[in-house]
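One structure below.
Values below: every heavy atom of this structure, side chains too, minus hydrogens, waters and symmetry copies.
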Amino acid sequence: MMKNVTPEKPESFGQYIAIHMKNFRREYGLSQEQLSERSGVPRSTIASLERGEGNPTLQVLVGISQGLGVEMSALLQKPTPTAALYKKE
């Protein structure tokens, strides 16, 4: 019998933002410094948000979404799992 084991799910928008920011930034081949330059958001703030820390303002979210070239809503969506882990019992 196969049992579907899911990883821990993010519990807050801060964690959703962290996951999406890092994924989009890496997908587009941007460093935190490059995203900082494109978004007008300090690199230290980007690093903090990617760790799931902090509570970004609307202005910061708009800057980051513009810097990444994505809709702000894409940063706030609940992440969808990219793989499922099955444990043999």
Side-chain angles (χ1 to χ4, degrees):
M1 177 177 192
M2 302 297 265
K3 181 179 178 183
N4 188 1
V5 179
T6 57
E8 287 187 36
K9 296 179 183 174
E11 298 177 4
S12 70
F13 282 115
Q15 290 172 315
Y16 296 172
I17 292 166
I19 290 168
H20 291 305
M21 274 182 63
K22 192 178 292 185
N23 287 344
F24 283 128
R25 185 176 59 76
R26 289 180 176 168
E27 180 180 332
Y28 301 138
L30 298 173
S31 66
Q32 289 180 344
E33 187 64 37
Q34 289 169 319
L35 178 56
S36 173
E37 291 170 7
R38 291 174 62 156
S39 66
V41 175
R43 191 211 54 81
S44 59
T45 301
I46 291 170
S48 176
L49 292 173
E50 285 188 357
R51 289 190 304 269
E53 301 169 354
N55 188 13
T57 64
L58 181 58
Q59 184 176 359
V60 167
L61 286 175
V62 168
I64 289 171
S65 64
Q66 288 176 343
L68 291 169
V70 300
E71 296 287 328
M72 188 170 49
S73 62
L75 298 174
L76 301 173
Q77 294 175 359
K78 183 175 182 178
T80 54
T82 56
L85 174 64
Y86 293 94
K87 183 176 179 182
K88 188 174 181 179
E89 291 185 19

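The closest donor-acceptor contact from the side chain of Arg43 to the backbone of Gln32 lies at 3.5 Å or more, if one exists at all. Between the side chain of Ser48 and the backbone N or O of Ser44 there is no donor-acceptor pair closer than 3.5 Å. A donor-acceptor pair is defined here as one N or O able to donate and one able to accept, closer than 3.5 Å; such a pair exists between the side chain of Gln15 and the backbone of Ser12.
The structure places CG of Leu35 at 12.5 Å from CZ of Arg26, a figure rounded to the nearest 0.5 Å. Atoms OG and CD1, on Ser36 and Ile46 in that order, are 5.0 Å from each other to the nearest 0.5 Å. Rounding to the nearest 0.5 Å gives a distance of 7.5 Å between CG of Leu49 and CG of Leu61. Atoms CD and CE, on Glu50 and Met21 in that order, are 4.5 Å from each other to the nearest 0.5 Å. Distance check, rounded to the nearest 0.5 Å: CZ of Phe24 to CD1 of Ile19 gives 12.0 Å.
Minimum interatomic distance between Tyr28 and Val70 (heavy atoms only, all atoms of both residues): OH-CG1, 3.8 Å. Nearest heavy-atom pair across Val41 and Ile64 is CG2-CG1, 4.0 Å.
Sparse packing is recorded around CD of Glu71, with 12 or fewer heavy atoms of other residues, nucleotides or ligands lying under 6.0 Å away. Other residues, nucleotides and ligands place more than 12 heavy atoms under 6.0 Å from the CD atom of Glu27.
Counting heavy atoms from C-beta on, the side chains of Gln77 and Tyr16 never come closer than 4.5 Å.
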